[in-house]
Asks: 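Once you've had a glance at the structure underneath, I'll fire off some questions.
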Amino acid sequence: MLDIKFIREHLDLVKSKCSQRGLKLNFDLITKIDSERRNLLGKVEALKYERNTVSDKVGKLKREGKDFRDEIAEMKKVSQEIKQLDQLLHDNENSLEQLLLEIPNIPHHSVKVGEGEADNPEIKRWGEIPRFDFTPLPHWDIGENLDILDFARGSKITGARFTLYKGLGAQLERSLINFMLDLHTQQHNYTEILPPFMVNKESMMGTGQLPKFEEDLFKLEDVGYYLIPTAEVPVTNIHRNEIIPGTSLPLYYTAYTPCFRKEAGSYGKDTKGLVRQHQFNKVELVKFVIPETSYDELEKLLLNAEEVLKKLNIPYRVVDLCMGDLGFSSSKTYDIEVWLPGQNRYVEISSCSNFEEFQARRANIRYRKDNKSKTKFVHTLNGSGLAVGRTLLAILENYQQEDGSVVIPEALRPYLGGIERITKD
RNA sequence: GGAGAGAUGGCCGAGCUGGUUGAAGGCGCUCGCCUGCUAAGCGAGUGUAGGGCUAAAACCUUACCGGGGGUUCGAAUCCCCCUCUCUCCGCCA
């Protein structure tokens, strides 16, 4: 959420950034409601001041045993008026709040203008794209041939976009989770979290999934909870409505969770294989930092995520999302994309973002530098470190052999009892 | 699921027969003083958010005692609803 004061004072900037994101918002209405609000506030507060003053006087008169009927009669009228104005103010503030919740974050000045995916500047590439003496297969064929992925039964058990992992497939997924968590906790200094996989509405509001993106979420109607679409939600909300002591910042958290997404609006896209599922595993990285350092922290976060692919020796590139592709809550986002030889394309495997104070303001996460300073909003960041299912499929496609087997990346072997290769039997 | 108890400032904890309580007392913290063998004592200060005024402060003002409504001239205190926590019983991985 943006600060209404900021919008008021930087209206042109906010307008132009929104339109560069491809959004049309009614800022005239916002401005109008805001000035009405301040007007009402002034009126009602003056009346409340009067009421408070006279009520004090009534108390005094009562103690002195004097008559106070006139005062009460008069205040009765004032109270009626306050009640009416308070109602108006309340409605006004609700509408303003609704409008503000729909305004996206302001992109960082380094974010390039562009309309979509195709316009994202590529900022680096790492690793060597493997050459094959045979035609590399997509992972769904590899997985089915090795009997480690079963898409048909996943659909039978639940429905489309659910997959059954089996044998070494299931173990490989589990080993990747452990490998990533160990890397981030032992070498990158993150604290491991195992959060709830369902959250309430307030938490979804806090990170920006609600109210705008309800159609992407799975909801449990009877209790009103939502299945998390990413660990970002429960982990960022750890500190909702808290004031964090400046001395404990920055905070680094990492969490493995399954993620649940309806993938509304992506019908017909990636219908085969593991790329786009309603349920997938992810190891997430979340940071709470002081504002001055947040862009340095973003670079470090990106490196921490990249490190997983470097250790696994899987080629990838990094793109800097342009205005049109940038997420609603984000100020700046780097996507890491892995190379998939079986499909001859890059696919996103991590998204690392700085939200600046956008989420912190919504979730009311503040910090106090020291005892003397005022509270300020923290900056929050997060990134996948990494999407586990997509990492698995990247291994299958990049490490596939002509005989249909798949070599296990060396870094992962200790997590799989030393196995070097997945073969047909 | 049944019965009961509770939710107050950074923390602990009074107030809850409605009116000098933004909130006693203690702890913590900040500044100052005193004294100086690891410590203590004394004094002052110490919430958050919004609005107005301002170059900025100072200042004025409103709201906030889990959340939301209500009663009242006036609510931390009374009433209703909700959420959460704790204890006991039941069920259960």
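The structure displayed is predicted, hence computed values, not measured ones. Lettering of chains follows the sequences in order, A, B, ..., and the numbering in each one begins at 1.
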Asks: In a check of side chain to side chain contact (heavy atoms under 4.5 Å, CB included) between A:V308 and each of A:I336, A:L176, A:I314, A:L183, which one passes?
Replies: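 By the side chain to side chain contact (heavy atoms under 4.5 Å, CB included) criterion, A:V308 pairs with just one of A:I336, A:L176, A:I314, A:L183: A:L183.
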Asks: Rounding to the closest angstrom, what is the interatomic distance between B:C80 and B:G4 at atom P?
Replies: 14 Å
Asks: Under 3.5 Å between N/O atoms: give me all the protein pairs with nucleotides 55-66 of chain B, atom names plus distance.
Replies:
residue, atom, partner, partner atom, Å
B:U62, OP1, A:N52, ND2, 3.2

Asks: Identify which nucleotide among B:G51, B:G74, B:C84 has an atom closest to any side-chain atom of A:S79, counting heavy atoms from C-beta outward.
Replies: B:G74
Asks: For B:A24 versus B:C86, give the span between their C1' atoms, rounded off to a whole number of Å.
Replies: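 Their C1' atoms lie roughly 27 Å apart.
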Asks: Should B:U20 form a Watson-Crick or G-U wobble pair with both distances under 3.5 Å, which nucleotide is its partner?
Replies: none
Asks: Which residue in the set A:L381, A:V378, A:D296 passes side chain to side chain contact (heavy atoms under 4.5 Å, CB included) when paired with A:V289?
Replies: A:L381
Asks: For residues A:T207 and A:E232, is any side-chain donor paired with an opposing acceptor at under 3.5 Å?
Replies: no
Asks: Begin with the C-alpha distance, continue with both residues' side-chain angles, and end with the deciding distance and a verdict on ring-ring contact (aromatic ring centres under 6.0 Å, His included) for A:F197 and A:F260.
Replies: CA-CA 9 Å; A:F197 299 162; A:F260 303 92; 7.5 Å; no
Asks: Over 60° means perpendicular and under 30° means parallel, so tell me whether A:H139 and A:F151 are parallel, tilted or perpendicular.
Replies: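 Perpendicular, since the angle between the ring planes exceeds 60°.
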Asks: What integer distance in Å separates A:K5:NZ from B:G51:C1'?
Replies: 9 Å
Asks: Could you work out the separation of B:A7 and B:C65 based on their P atoms and round it to a whole Å?
Replies: 13 Å
Asks: Once you round it to whole Å, what is the distance between C1' of B:C11 and CD1 of A:I243?
Replies: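 After rounding, the gap between these two atoms is 13 Å.
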Asks: Any strand counts, and the cut-off is 3.5 Å on both contacts for Watson-Crick or G-U wobble. Which nucleotide pairs with B:C33?
Replies: B:G41
Asks: If the C1' atom of B:G9 is compared with that of B:U72, how far apart are they to the nearest Å?
Replies: 27 Å
Asks: For A:S329, does its backbone N or O pair with a side-chain atom of A:N105 as donor and acceptor, under 3.5 Å?
Replies: yes
Asks: Please check if the side chain of A:R362 supplies one atom and the backbone of A:L101 the other of a donor-acceptor pair under 3.5 Å.
Replies: yes
Asks: Do any N or O atoms of the protein come closer than 3.5 Å to N or O atoms of nucleotides 19-21 of chain B, and which pairs are they?
Replies:
residue, atom, partner, partner atom, Å
B:G19, O2', A:R63, NH2, 3.3
B:G19, O6, A:K62, NZ, 3.2
B:G19, N2, A:S55, O, 3.0

Asks: When we call it a touch if two heavy atoms are under 4.0 Å apart, what does A:K201 touch: a base, just sugar-phosphate, or nothing?
Replies: nothing
Asks: Between A:K83 and A:D86, does any side-chain N to carboxylate O distance fall below 4.0 Å?
Replies: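 Salt bridge between A:K83 and A:D86, a charged N being under 4.0 Å from a carboxylate O: no.
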Asks: Given the C1' atoms of B:U62 and B:A55, what is the spacing between them in whole Å?
Replies: 26 Å
Asks: Any idea which of B:G69, B:G47, B:G50 is nearest the A:R368 side chain?
Replies: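 Nearest to the side-chain atoms of A:R368, counting from C-beta on, is B:G47.
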Asks: When the nearest nucleotide of RNA chain B is assigned to A:A73 and to A:K376 on a heavy-atom basis, which residue is associated with the more 5' position?
Replies: A:K376
Asks: NA contact type, A:R361, heavy-atom cut-off 4.0 Å: base, sugar-phosphate, or nothing?
Replies: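 Nothing, no nucleic acid heavy atom in range.
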Asks: For A:R366 and B:G10, give me the distance from atom CZ to atom C1', rounded to whole Å.
Replies: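 For the pair A:R366 CZ and B:G10 C1', the rounded distance is 13 Å.
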Asks: What is the distance from CG of A:L96 to P of B:G51, rounded to the nearest Å?
Replies: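 The answer, rounded to whole Å, is 11 Å.
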Asks: For the P atoms, the ones on B:G26 and on B:G13, what distance do you get once it is rounded to whole angstrom?
Replies: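 Taking atom P in both B:G26 and B:G13, they lie 16 Å apart.
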Asks: Rounded to the nearest Å, what distance is computed from the CD atom of residue A:E74 to the C1' atom of nucleotide B:G74?
Replies: 14 Å
Asks: Distance check: side-chain N/O of A:R8 vs OP1/OP2 of B:G51, anything under 4.0 Å?
Replies: yes
Asks: Measure the distance from CD on A:E36 to P on B:G51 and round it to the nearest whole Å.
Replies: 16 Å
Asks: Distance alone, cut at 3.5 Å: any donor-acceptor contact between the side chains of A:N304 and A:Y190?
Replies: yes
Asks: Strictly by Watson-Crick or wobble contacts shorter than 3.5 Å, is anything paired with B:A57, and which nucleotide is it?
Replies: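 Looking at the geometry, B:A57 pairs with no nucleotide.
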Asks: Using both distances under 3.5 Å as the test, list the Watson-Crick or G-U wobble partner of B:U85, or none.
Replies: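 Answer to the pairing question: B:A5, which forms a Watson-Crick or G-U pair with B:U85.
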Asks: Can you name the side chain to side chain donor-acceptor pair (under 3.5 Å) partners of A:E215, sequence neighbours left out?
Replies: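 Checked A:E215 against side chain to side chain donor-acceptor pair (under 3.5 Å); zero matches.
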Asks: Distance check, C1' atoms only: B:G66 and B:G74, in whole angstrom units.
Replies: 23 Å
Asks: With nearest nucleotides of RNA chain B determined for A:Q87 and A:L41 from heavy-atom distances, which residue corresponds to the more 5′ nucleotide?
Replies: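 Looking at RNA chain B, the more 5' nearest nucleotide goes with A:L41.
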Asks: May I ask you to decide whether A:K32 forms a salt bridge with A:D28, counting only side-chain N to carboxylate O separations under 4.0 Å?
Replies: no
Asks: Looking at A:E284 and A:S384, what are the two nearest heavy atoms and their distance?
Replies: OE1-CA, 3.5 Å
Asks: Rounded to the Å, how far apart are A:I244 CD1 and B:U48 C1'?
Replies: 16 Å
Asks: Please give the distance between the P atoms of B:U30 and B:A40 as a whole number of Å.
Replies: 14 Å
Asks: What's the closest nucleotide to the A:K83 side chain, out of B:C73, B:A49, B:G70?
Replies: B:G70
Asks: Can you tell me the Watson-Crick or wobble partner of B:C64, both distances under 3.5 angstrom?
Replies: B:G47
Asks: Taking atom C1' of B:C84 as reference, at what distance in whole Å does atom CG of A:N200 sit?
Replies: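 The answer, rounded to whole Å, is 11 Å.
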Asks: Does any nucleotide pair with B:G25 by Watson-Crick or G-U wobble geometry, both distances under 3.5 Å, and what is it?
Replies: B:C12
Asks: Does B:G69 have its OP1 or OP2 closer than 4.0 Å to a side-chain nitrogen or oxygen of A:H90?
Replies: yes
Asks: Checking base pairs now: Watson-Crick or wobble, both atom distances under 3.5 Å. What partners B:A76?
Replies: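 Pairing partner: none.
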